[in-house]
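Residues take their numbers from the sequence shown, with the count starting at 1. Excluded from the calculations below are hydrogen atoms, water molecules and symmetry mates; all remaining heavy atoms, backbone and side chain alike, are included.
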Amino acid sequence: MNWFEKWFDSPLYEWLYANRDQKEATRLIDLLEETMNLHRCETILDLGCGRGRHSISLNERGYCVVGIDLSETAVQTARRKAEQKGLENLRFEVRDMREPLQERFDAILNLFTTFGYFRSDQENARVFDSVASMLEPDGIFVVDFLNAPLVRRSYRPEDSGEYEGIQYEIRRYIENDMIFKKITFSGDRLEEPRHYAERVKLYTLDWFREELGERGLRIRQVYGDYEGGSYDPEESSRLLMLAEFE
C-alpha cells in the first residue's frame with residue numbers, strides 16, 4: 001500500500017488538517033474566478049478532490065463538477081457532504097489521477113499539493129498526460145503546489161501538540177529531493193500509537209514549465225498565495241499556476 005492510501009484513509013488525517021476549512025477553499029475559488037478565467041468554464045474536474053471542500057464550493061457557484069480521489073474514505077465523506085446539501089451536477093469517484101476519464105473538461109484543478117507523491121519524476125508526470133487527454137482545447141489547468149525553495153529553506157524539523165486527548169509528533173526531513181513527514185499519534189483515546197507518513201517531491205516552477213510544455217501546455221499565470229500575490233521563490237507560501245494549451 002502506498003503511503004497516501006493509508007494516511008488519507010485515516011480519520012486522523014482530517015483531524016490533523018482541520019484548519020484547512022471551507023473558508024480557505026472559498027478564498028482560493030474566489031481567486032480562480034477573479035483572475036484565472038474560471039468563470040468562463042462550465043465543467044470542472046477536481047483532480048485529487050480529497051473530502052470535497054473545493055468541489056462543493058465550486059458546485060455551489062453553479063459549476064458542473066467531477067471530483068476524483070484514490071482514497072475511498074475521502075470520496076465517501078465528499079459524497080455524504082454533497083448529499084446533505086442536496087447538490088446536483090456533482091459526482092465523486094474513487095480513481096487514480098494517472099488514469100484519465102473518458103470525458104473532457106473546461107477546467108482541471110489540482111489543489112492543495114495533491115501532486116508529487118510518487119518517487120519517480122516519470123510517474124508524477126503521468127498525471128499531466130492524463131490531464132492533457134481530458135482538457136478541452138481551450139480549457140485551463142490549475143496546479144496549486146507547495147513552494148519548494150521556501151520549504152527547503154524554512155521547514156520545521158519537529159512539531160508536536162495535543163487535541164482532545166490525542167498527542168501528535170511530526171518529524172520532517174529532506175532526502176533525494178523530497179520532503180518527508182513522519183507522524184505519530186498517541187494518547188488514551190487510541191489503543192496503541194499510530195504511525196503515518198507523507199512524502200512530496202520538491203518540484204520548482206522550471207520543472208513544471210518543462211513537463212507541461214512537453215504536453216503542449218504553457219503556464220500563463222503564476223501566483224504566490226491565495227490572495228493573488230506575485231510569486232517569490234524565497235518568500236511565497238504557495239506556487240499557484242494556470243496553464244493552457246499553446
Side-chain angles (χ1 to χ4, degrees), residues 1-25 28 46-55 67-78 80-81 92 94-98 110-121 123-124 127 143-204 225-226 236-240:
M1 176 182 290
N2 289 307
W3 67 264
F4 44 84
E5 295 176 79
K6 177 183 178 182
W7 176 216
F8 294 163
D9 270 342
S10 168
L12 291 168
Y13 174 86
E14 193 165 5
W15 177 86
L16 186 65
Y17 291 115
N19 63 313
R20 302 297 185 179
D21 58 13
Q22 200 63 43
K23 289 182 180 179
E24 181 187 67
L28 175 55
D46 188 357
L47 197 66
C49 64
R51 285 153 174 80
R53 61 194 178 109
H54 295 105
S55 295
I68 67 170
D69 201 282
L70 197 61
S71 167
E72 293 186 12
T73 298
V75 168
Q76 289 171 1
T77 300
R80 184 172 65 252
K81 290 179 179 178
F92 295 99
V94 177
R95 195 176 187 91
D96 189 319
M97 66 175 66
R98 294 169 295 180
N110 182 246
L111 308 176
F112 190 42
T113 312
T114 315
F115 184 80
Y117 294 167
F118 305 105
R119 287 188 180 274
S120 78
D121 296 342
E123 278 302 295
N124 286 314
V127 175
V143 184
D144 167 30
F145 197 63
L146 54 76
N147 180 17
L150 181 66
V151 170
R152 286 183 182 276
R153 182 171 57 84
S154 62
Y155 76 91
R156 295 177 58 169
E158 294 182 354
D159 267 323
S160 62
E162 184 272 340
Y163 180 71
E164 294 186 350
I166 298 178
Q167 290 81 44
Y168 66 88
E169 296 181 357
I170 300 174
R171 185 170 68 91
R172 301 178 182 88
Y173 61 95
I174 291 176
E175 185 177 285
N176 297 327
D177 290 326
M178 292 177 280
I179 179 76
F180 288 80
K181 184 187 291 186
K182 304 293 185 181
I183 310 162
T184 298
F185 296 95
S186 60
D188 295 339
R189 290 181 57 190
L190 302 176
E191 294 180 359
E192 60 184 9
R194 300 183 187 178
H195 305 279
Y196 299 94
E198 293 184 13
R199 182 185 71 235
V200 179
K201 293 279 282 190
L202 293 173
Y203 292 127
T204 64
D225 54 43
Y226 294 159
S236 293
S237 59
R238 306 298 297 170
L239 172 58
L240 182 59

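Annotation for D225 and S237: closest pair CB-OG, 3.7 Å, computed over non-hydrogen atoms. The two residues R172 and Y155 come nearest to each other via the heavy atoms O-CE1, 3.6 Å. Here the closest heavy-atom approach between residue L146 and residue T113 is recorded as N-OG1, 3.2 Å. Across all their heavy atoms, I166 and L12 have their closest contact at CD1-CD2, 4.1 Å. The two residues F145 and F115 make their nearest non-hydrogen contact at CE1-O, 3.5 Å. Considering every non-hydrogen atom in both Q167 and G187, the closest pair reads OE1-CA, 3.3 Å.
Interatomic distance, CG of L47 versus CZ of R98, reported as 11.5 Å (0.5 Å rounding). I68 CD1 to F92 CZ: the interatomic distance, rounded to the nearest 0.5 Å, is 12.0 Å. Here the CG-CZ distance, from D46 to F112, works out to 12.5 Å after rounding to the nearest 0.5 Å. Rounding to the nearest 0.5 angstrom, the gap separating the CD1 atom in I183 from the CD atom in E169 is 12.0 Å. A distance of 9.5 Å separates CZ of R51 from CZ of R80, quoted to the nearest 0.5 Å. In this structure, CZ in R119 is found 4.5 Å from CE in M178, a value given to the nearest 0.5 Å.
In this structure a side-chain-to-backbone donor-acceptor pair under 3.5 Å is missing from T114 to N110. Between the D69 side chain and the V75 main chain, no donor and acceptor come within less than 3.5 Å of each other.
The side-chain heavy atoms of D177 and R152, taken from C-beta on, include a pair separated by under 4.5 Å. Counting only heavy atoms from C-beta outward, the side chains of Y117 and E123 never approach each other to under 4.5 Å. The side-chain heavy atoms of L28 and L240, taken from C-beta on, include a pair separated by under 4.5 Å. Within the 4.5 Å cutoff, the side chain of L70 has no heavy atoms near those of the M97 side chain. R238 has its side chain out of reach of N147: every pair of non-hydrogen atoms, C-beta onward, lies at least 4.5 Å apart. The side-chain heavy atoms of K201 and N176, taken from C-beta on, include no pair separated by under 4.5 Å. Between D121 and Y203, the closest side-chain pair of non-hydrogen atoms falls below 4.5 Å.
Between the side chains of T184 and R171, no donor-acceptor pair of N or O atoms lies under 3.5 Å.
Ring pair Y168/F185 is tilted by interplanar angle, where 30° to 60° counts as tilted.
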